[in-house]
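Predicted model, so just to flag it, every value in this text is computed and none were measured.
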Amino acid sequence: MADNNTYNAAPAGGAGKTVGKIVTAVIVLLVVLVVLFNTFTTVDAGHSGVVTTFGKVSPNVLSEGLHTKIPFIQEIIQIDNRVLKAEVECSSASKDLQTVSSTIALNYRVRNESSADIYRNVGLDYESIIIAPAIHECVKAVTAKFTAEELITSRQSISDQMKEQLSEKISSYGIEVQIFNIISFDFTAEYNAAIEAKQTAQQNALKAEQDLQRVKVEAEQTVAKAQAEAEAYRLKSQELTPQMILMEYIDKWDGKLPSMVSGDGTSAMIDVTSLLEQFEEEQSGSGNTSESTSTYTAPAVTTEAAPAEEPAEEDGEDIE
């Protein structure tokens, strides 16, 4: 019986060892996979990888793509080097002590070669630590140089000055200013009302000036027109001669002699023939109608007695 028990126990011990080996192999394989997985790392597009060894930042920065590192010893921190946007609300005072509320939009990026330095010196929250305070400072410094009216009329110049000052402040950290925009300049309600009243007054003054200029122009046009008409009348009166009157009369004559009836019943007719004879004599005597200065006598007027009215016959009486 003893021999049979010994024979049966031997196979059971061999099976336990086999299971143990399998478990050990699986564990070793998992460890190897974990180690291999931590050996390789990927840096995303538009980013740079900052290598830290037990927390110490390496000056070497990894570029985009697949890289290797020491498992469990080195860590890769990714810094975004793409163009980022920061929008900051600012409050400042103008040169004439007006409260100015502004909204600034900044597009910036972290330089690749400065990723390690900015991570070592500032960390990942560089927008709130460096950029936002720098924007506040630049806005207050520049708006204090201008009046509220100048802030409106010289907006582009003010924006350029703010951008220049901001670039000087944050460039030492490895941050580049790409685009600087002033989204809004807001003032108090009282100042806005004062600006509106001033604009209304200026518009009314401009309208009054334009009306005055229009009245002056119209008056000048009226005077010029009157002068032109007077000059035209003067020239016409100089050119108006008896010859012209006669020619005009002849051109418009319809072939009927004009006649006038006087109060005594006689009719008078203008002798056109005498006018023509007098005109011909003047032409032949002077030789130049334009220089003739002779005077014309009134045309002869012939009168004719009006026919006498026949007496009416009396009814009922015969005249023998």
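A distance of 10.5 Å separates CD1 in Ile179 from OG in Ser159, rounded to the nearest 0.5 Å. If you take CZ on Phe180 and OH on Tyr108, they are separated by 14.5 Å, rounding to the nearest 0.5 Å. From Lys85, atom NZ reaches atom CG of Asn107 across 7.0 Å, with rounding to the nearest 0.5 Å. Atom-to-atom distance recorded for Glu89:CD and Thr103:OG1 is 3.5 Å, nearest 0.5 angstrom. Taking OG from Ser58 and CD from Gln74, the interatomic distance works out to 7.5 Å, rounded to the nearest 0.5 Å.
Summarising the geometry of Gln165 relative to Val142, their closest heavy-atom pair is NE2-CG2, 3.8 Å, with the distance given to 0.1 Å. Nearest heavy-atom pair, Ser115 versus Asn81, reported as atom, atom and distance to 0.1 Å: OG-ND2, 3.2 Å. Between Arg111 and Ser171, the closest heavy-atom pair is NH2-O, 3.2 Å. When all heavy atoms are compared, the tightest approach of His136 to Cys90 is ND1-SG, 3.7 Å. Ser128 and Pro133 get closest at one heavy-atom pair: O-CD, 3.4 Å. Considering all non-hydrogen atoms of both residues, Ile182 and Ile104 come closest at CG1-CD1, 4.0 Å.
Using a 4.0 Å cut-off between a side-chain N of Lys or Arg and a carboxylate O of Asp or Glu, Glu220 and Lys216 do not qualify as a salt bridge. Salt-bridge check for Asp117 with Arg120: passed, with a basic side-chain N closer than 4.0 Å to an acidic carboxylate O. A salt bridge does not link Glu209 with Lys207: none of the charged nitrogens is closer than 4.0 Å to a carboxylate oxygen.
Residue Lys69 forms a side chain to side chain contact (heavy atoms under 4.5 Å, CB included) with just one option from Thr41, Thr39, Thr52, and that option is Thr41. When each of Glu164, Met162, Lys163, Arg109 is paired with Val177, the side chain to side chain contact (heavy atoms under 4.5 Å, CB included) condition holds for Lys163 and for no other. Applying the side chain to side chain contact (heavy atoms under 4.5 Å, CB included) test between Phe146 and each of Asp96, Leu151, Thr153, Ile152 identifies Leu151 as the sole match.
Grouping Ile, Leu, Val, Met, Phe, Trp and Tyr by side-chain contacts under 4.5 Å, direct or through others, puts Ile76 with Val43, Val51, Leu62.
The closest donor-acceptor contact from the side chain of Arg82 to the backbone of Ala45 lies at 3.5 Å or more, if one exists at all. Under a 3.5 Å cut-off, the side chain of Thr222 and the backbone N or O of Glu218 do form a donor-acceptor pair. Between the Gln203 side chain and the Thr200 main chain, no donor and acceptor come within less than 3.5 Å of each other.
Using a 4.5 Å heavy-atom threshold, the side chains of Tyr119 and Ile79 count as touching. Between His67 and Thr42 there is no side-chain heavy-atom pair separated by less than 4.5 Å. Taking 4.5 Å as the limit, some side-chain heavy atom of Gln98 sits within range of a side-chain heavy atom of Thr188. At a threshold of 4.5 Å between non-hydrogen side-chain atoms, the residues Tyr173 and Asn121 do not count as touching. Under the 4.5 Å side-chain criterion, counting only non-hydrogen atoms from C-beta, Ile175 is in contact with Ile131. Within the 4.5 Å cutoff, no side-chain heavy atoms of Leu84 are placed close to those of Glu127. In this structure, Val61 and Asn112 have side chains that are not in contact, with every pair of non-hydrogen atoms separated by 4.5 Å or more. In this structure, the side chains of Phe72 and Phe54 stay at 4.5 Å or more apart for every pair of heavy atoms.
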Intermediate values then yes/no, side-chain contact (heavy atoms from CB on, under 4.5 Å), Ile73 and Thr53: CA-CA 6 Å; Ile73 297 176; Thr53 304; 3.8 Å; yes
Verdict with reasoning, Val110 to Asp80, per side-chain contact (heavy atoms from CB on, under 4.5 Å): CA-CA 7 Å; Val110 178; Asp80 196 343; over 6 Å; no
Candidate pair Glu137 and Lys169, rule side-chain contact (heavy atoms from CB on, under 4.5 Å), full reasoning: CA-CA 10 Å; Glu137 179 62 25; Lys169 285 182 175 296; 3.7 Å; yes
Candidate pair Glu150 and Ile158, rule side-chain contact (heavy atoms from CB on, under 4.5 Å), full reasoning: CA-CA 9 Å; Glu150 291 173 342; Ile158 294 168; 5.6 Å; no
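In this structure, Leu124 is a member of the same hydrophobic cluster as Ile130, with clusters built from ILVMFWY side-chain heavy atoms closer than 4.5 Å. Residues Val223 and Val215 are members of separate hydrophobic clusters, defined by side-chain heavy-atom contacts under 4.5 angstrom among Ile, Leu, Val, Met, Phe, Trp and Tyr.
For the residue pair Asp186 and Ser102, no side-chain donor N or O sits within less than 3.5 Å of a side-chain acceptor on the partner. For the residue pair Glu176 / Gln178, a side-chain donor-acceptor distance below 3.5 Å is found, with atom types taken as modelled.
Counting non-hydrogen atoms of neighbouring residues, nucleotides and ligands closer than 6.0 angstrom, the CD atom of Glu64 exceeds 12 such neighbours.
Legend: residues meeting ring-ring contact (aromatic ring centres under 6.0 Å, His included) with Tyr191, ordered by chain and number and at least two apart, are Phe187.
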